[in-house]
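Notes follow once the structure below has been shown.
Values below: all heavy atoms of this structure, side chains included; hydrogens, waters and symmetry mates excluded.
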Amino acid sequence: SETIRRAIELANWLRLDGCPAPTRVVTDAHAGIVFEREAGSVFESIRISADGTAEHCVFEHCRLVVRQFWTLSTVESE
């Protein structure tokens, strides 16, 4: 599926950028994929939606400190 392709591409980009691997990868109720990472008092999530958008949130001590919205695209293979 396109959502899985986007998740794989995002995971590869994050790895190449030196980001730590997620603690969990789970599906959501709306056919999306969520990467979650916990490190001490910091919780981070990236929710990839079926429509090609993503939401990145970072919580410190349970308080939202970063919230970003991204539009993801994939490269079509021939």
Side-chain angles (χ1 to χ4, degrees):
S1 96
E2 198 65 26
T3 305
I4 293 170
R5 226 172 296 155
R6 285 185 180 108
I8 291 168
E9 288 180 1
L10 179 60
N12 283 329
W13 181 82
L14 292 169
R15 180 184 54 82
L16 291 172
D17 201 43
C19 295
T23 309
R24 287 178 292 281
V25 178
V26 296
T27 59
D28 71 9
H30 305 286
I33 296 172
V34 183
F35 298 154
E36 297 178 342
R37 189 176 68 82
E38 269 185 89
S41 62
V42 176
F43 175 80
E44 182 174 11
S45 71
I46 300 174
R47 180 177 306 277
I48 303 161
S49 298
D51 67 0
T53 60
E55 179 184 25
H56 173 233
C57 295
V58 179
F59 297 84
E60 288 182 23
H61 301 287
C62 300
R63 288 203 159 141
L64 181 64
V65 294
V66 174
R67 187 173 190 194
Q68 302 172 316
F69 295 94
W70 304 329
T71 301
L72 306 175
S73 61
T74 58
V75 177
E76 295 295 322
S77 59
E78 296 180 19

- Task: Give the C-alpha distance, both sets of side-chain angles, the deciding distance and a yes or no for side chain to side chain contact (heavy atoms under 4.5 Å, CB included) between T27 and V34.
- Result: CA-CA 6 Å; T27 59; V34 183; over 6 Å; no

- Message: For the CZ atom of R5 and the CD1 atom of I48, what is their distance to the nearest 0.5 Å?
- Response: 13.5 Å

- Item | Distance, nearest 0.5 Å, that separates CZ of R67 from SG of C57 | 5.5 Å

- With sequence neighbours left out, write down each residue that passes side chain to side chain donor-acceptor pair (under 3.5 Å) with T53, or none if nothing qualifies. D51

- Message: With rounding to the nearest 0.5 angstrom, report the CZ to OG distance, R24 to S45.
- Response: 10.0 Å

- With sequence neighbours excluded, tell me which residues meet side-chain contact (heavy atoms from CB on, under 4.5 Å) with R63. none

- According to the ring-ring contact (aromatic ring centres under 6.0 Å, His included) rule, which pairs have a member within residues 26-55, sequence neighbours left out? none

- Apply salt bridge (Lys or Arg N to Asp or Glu O under 4.0 Å) to E60 and list each qualifying residue two or more places apart in sequence or on a separate chain. none

- P22 vs E36 side-chain heavy atoms within contact, under 4.5 Å: no

Indicate every side-chain donor-acceptor pair of residues 10-20 with a distance under 3.5 Å to a residue at least two apart or in another chain.
| residue | atom | partner | partner atom | Å |
| --- | --- | --- | --- | --- |
| N12 | ND2 | I8 | O | 3.4 |

- Task: Tell me, please, which residues at least two apart from D28 pass salt bridge (Lys or Arg N to Asp or Glu O under 4.0 Å).
- Result: R47

- Task: Can you sort out the partners of V58 under side-chain contact (heavy atoms from CB on, under 4.5 Å), two or more places apart, ordered by chain and number?
- Result: V42, E44, H56, V65, V66

- Message: Please find the pair of heavy atoms, one from A54 and one from L72, that lie closest to each other, and give the distance.
- Response: CB-CD1, 3.9 Å

- Message: For A31 versus A50, what's the shortest heavy-atom pair and its separation?
- Response: O-CB, 4.0 Å

- Which residues satisfy the side-chain contact (heavy atoms from CB on, under 4.5 Å) test with T71, sequence neighbours excluded? none

